[in-house]
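See below for the structure under consideration.
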Amino acid sequence: MQSQLKIFNTITGKKEELVPLVKGRVGMYVCGPTVYSDVHLGNCRTFVSFDLIYRYLLFKGYKVRYVRNITDVGHLEGDSDTGAEDKISKKARLEQLEPMEIAQKYTLGFHQMMDIFNNLPPSIEPRATGHILEQIEMVSEIMKNGYGYEVNGSVYFDTVKFAREKGIYGQLSGRKIEDLLTETRDLKKQDEKRNPSDFAIWIKADPSHLMRWNSPWSIGFPGWHLECSAMSTKYLGRTFDIHGGGGDLKFPHHENEVAQNYGACNCAPAKIWMHGNMLLLNGKKMSKSDGNTVTPEQLFTGDSPHLSKGYTPMTVRFFMLQSHYRSTLDLTDEALQAAEKGFKRLMEGYKNLLTLEAKGSDEDVEMNNRLEAIIREIFENMDDDFNSPRALASLFEAVTTINAIKNGHIAAEMLRDDVLNSLQSTFRTVLFDIFGLKEEQSDSSDYGLTADLMGLILKLRHQAREEKNWSMADTIRDTLKELGVEVKDGKDGTSWSVN
RNA sequence: GGUCGGGUGGCCGAGCGGUUAGGCAGAGGUCUGCAAAACCUUGUACGGCGGUUCGAAUCCGCUCCCGACCUCCA
């Protein structure tokens, strides 16, 4: 019997049972990247987190519509959402390209990186520029309901009126409207806004601005927060099950999204809001703007002052899975090295599990019970707000027993057949379907040949050992080690693995 | 300054009122021609000071540090 999935809801600050609006189906919207530069690792962690969540929902049998947008317009630079330059637009001007060329370039790069991390693609990946009409429509509705006002062709959302009438502005991010109003920072075009906390939903374009669309108010472009409100509504309905994103989007992005949805339809967009936590580099937030960053490429090649060597994508994914998605994760070289070894141990354990044969003639009841309990715990932990680090711990506990059986420390006779089967299927499901890990075979194409050659080499070494020709045997072993192939002598023969 | 979140053994990282988390590193052992791998044993951790409790890393108060958000960021 499966336990019930509980999810931490940012709005209530509590874990809640997931009760989908439509039985058996889950609608999930996750804020995607703004495609104005290369993805950085922090983005990757967030999307790995939501990939885990998506995969687990699928495993639980839900039909999931996973929508993750591409923001290719409206995201402004500098302070405030007024007067500053659009990120895509700016990059286009600097590189003398069409804005859509910029968006295309970085969207492709983003997709490649998601693929490298073995993230499943979302069900729908809508672009902001492809939904200008929907956004204009939403602005109209917000104005019709009295929460938007136009000044010089730009339209702003009246946060104070909204807060007064609905009393929910600030609820998601835990902010008080009074505090927002006392914000004294000097903002551009501040004079157009009625209140400092108001934000633009439609922005009149300067003559030099490259991205521009006609609207009832001006030739301009939509505000940053608007596309998510419009697109989530379009593809998931006015109210849907889960809305997610990085924790740094809580305010103002998500807070304003909620306001816009209420402003347009007087209803809450999502029942559950989920936020992933930040990836830190040596104790500090990774951030493009202050240079404290390692790119995914640097991580893979090791070409960074922060790293002693490169790490494979799956090592990094495993590293991320080892911490809970709501905790900050500190990326350090030492931690990465530990993850690399841990990941290897886990995968080796899985391989060993596949070679096991259950004899079951002399059953160890306690051990079998414990293994069955471990299997149950894995899913109970995942049901508890996607606790992958705990699930991983259970897996490792099983690995110890698996290895002990494999090398004969525990007799195979003690393992029951059905326990072995469910252990094997659990490992396969959890490792590959839920955690999204995969084997990393450097040259998978000629793997068969390599295996045959290794068989020959090990046979020769075996012969040398029979003849007590130790120097020959050790030369073979040591040379292989230099080539990155580890030779492992066991009770019943020799095996090898690529490091 | 305001608002949140956090400080766990050498490192990373779970737990959040009583039970061994787990991984990596370290120590001892088994196995082995030697090694590696694997297995077994091993760590008296919970920022500090008070309090509540039969019992606190876990709850409360104070305090010190750190981080995030408040401005573009996943």
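In what follows, every chain begins at residue 1, and chains take the letters A, B, ... in the order their sequences are listed. Any value given below was found using the heavy atoms of this structure, including those in side chains, with hydrogens, waters and symmetry copies removed. No experiment lies behind these values; they were computed from the predicted model shown.
Outside the 6.0 Å centre-distance limit, the rings of A:Phe386 and A:Tyr54 are not counted as a close aromatic pair. Taking the ring centroids of A:Phe47 and A:Phe110, they lie under the 6.0 Å cut-off.
Between A:Asn403 and B:C39, a side-chain N or O to OP1/OP2 separation shorter than 4.0 Å is present. Between B:A74 and A:Asn43, a contact under 4.0 Å exists linking OP1 or OP2 to a side-chain N or O. Regarding contacts with the backbone of B:G15, a side-chain N or O of A:Asn387 is found under 4.0 angstrom from either OP1 or OP2. Contact annotation: A:Lys488 side-chain N/O to B:A38 OP1/OP2 distance is not under 4.0 Å. Between B:G13 and A:Arg326, no contact under 4.0 Å exists linking OP1 or OP2 to a side-chain N or O.
Side-chain contact annotation: A:Ser229 with A:Gln260, donor-acceptor N/O pair under 3.5 Å present. For the residue pair A:Asn195 and A:Asp158, a side-chain donor N or O sits within less than 3.5 Å of a side-chain acceptor on the partner. Side-chain contact check for A:Glu255 and A:Ser173: at least one donor-acceptor pair (N or O, by modelled atom type) lies under 3.5 Å.
Rounded to whole Å, atom C1' of B:C69 lies 17 Å from atom NZ of A:Lys284. Rounded to whole Å, the distance from CG on A:Asp333 to P on B:A25 is 14 Å. B:A35 atom P lies 14 Å from atom CZ of A:Arg461, rounded to whole Å. The distance from atom CH2 of A:Trp273 to atom C1' of B:A74 is 14 Å, rounded to the nearest whole Å. Whole-Å rounding puts the A:Leu281 CG to B:A68 P distance at 12 Å. As a whole-Å value, the separation of A:Glu348 CD from B:A38 P is 8 Å. Between the CZ atom of A:Phe318 and the C1' atom of B:G22 there is a distance of 9 Å, given to the nearest Å. Atom pair A:Arg390:CZ and B:G15:C1' shows a separation of 6 Å (rounding to whole Å applied).
Counting non-hydrogen atoms under 4.0 angstrom, A:Gly245 reaches the backbone sugars and phosphates but no base. A:Ala335 comes within contact range of the sugar-phosphate backbone alone, with a heavy-atom separation under 4.0 Å but no base atom that close. Contact annotation for A:His253: no contact, since no heavy-atom pair falls under 4.0 Å across all strands. Residue contacts shown for A:Asp330 are limited to sugar-phosphate atoms, with no base heavy atom under 4.0 Å away. Across all strands shown, A:Lys481 has no heavy atoms under 4.0 Å from either base or sugar-phosphate atoms. Among the protein residues, A:Glu334 comes within range of the sugar-phosphate backbone only, with heavy atoms under 4.0 Å from sugar or phosphate atoms but none that close to a base. Among the heavy atoms of the strands, none lies under 4.0 Å from A:Val30. Counting non-hydrogen atoms under 4.0 angstrom, A:Ser327 reaches the backbone sugars and phosphates but no base. Residue contacts shown for A:Ser173 are absent, as no nucleic acid heavy atom lies under 4.0 Å away. Within 4.0 Å (heavy atoms only), A:Arg45 reaches no atom of the nucleic acid at all. A:Thr400 comes within contact range of the sugar-phosphate backbone alone, with a heavy-atom separation under 4.0 Å but no base atom that close. At a threshold of 4.0 angstrom between heavy atoms, the contacts of A:Leu329 are confined to the sugar-phosphate backbone, with no base atom among them. Here A:Asp478 lies out of heavy-atom contact (under 4.0 Å) with every strand. Counting any heavy atom pair closer than 4.0 Å across all strands shown, A:Gly283 reaches sugar-phosphate atoms only and no base atom.
A distance of about 12 Å separates the C1' atoms of B:U20 and B:G43, rounded to the whole Å. Nucleotides B:C4 and B:C62 are separated by 13 Å at their P atoms, to the nearest Å. Taking atom P on both B:C40 and B:A45, the two are 24 Å apart, rounded to the nearest angstrom. Distance check on atom C1': B:U63 versus B:G6 gives 16 Å, rounded to whole Å. Separation of the C1' atoms belonging to B:C39 and B:U44 is 25 Å when rounded to the nearest angstrom.
Remark: B:G67 base-pairs with B:C4. Criterion, Watson-Crick or G-U wobble with two distances under 3.5 Å. For B:A38, the paired base is B:U30 (Watson-Crick or G-U wobble, both distances below 3.5 Å). When both pairing distances are held under 3.5 Å, B:U53 makes no Watson-Crick or G-U pair with any nucleotide shown.
Salt bridge status for A:Lys6 with A:Asp384: absent, with no side-chain N to carboxylate O gap under 4.0 Å.
Counting distance only, with no hydrogens placed and no angle test, the side-chain atoms of A:Asp489 and the base atoms of B:A35 include a donor-acceptor pair under 3.5 Å. Checked by distance alone, A:Arg477 brings a side-chain donor or acceptor within 3.5 Å of a matching partner on the base of B:A35. Judged by atom type and distance alone, A:Asp474 reaches the base of B:G33 through a side-chain donor-acceptor pair under 3.5 Å.
Centre separation under 5.5 Å together with a plane angle under 30° holds for the ring of A:Trp470 and the six-membered base ring of B:G33, marking them as stacked.
Among B:A38, B:U32, B:C11, the nucleotide with an atom closest to any side-chain atom of A:Arg465 is B:U32. Closest to the side chain of A:Glu486, from the set B:A36, B:C70, B:U30, is B:A36. When the nucleotides B:G13, B:C11, B:A74 are ranked by their closest atom to the side chain of A:Ser323, B:G13 comes out on top.
When atom types are taken as modelled, the side chain of A:Asp72 and the backbone of A:Thr129 share a donor-acceptor pair closer than 3.5 angstrom.
For the pair A:Phe157/A:Tyr169, no side-chain contact is recorded, criterion being any heavy-atom separation below 4.5 Å from C-beta on.
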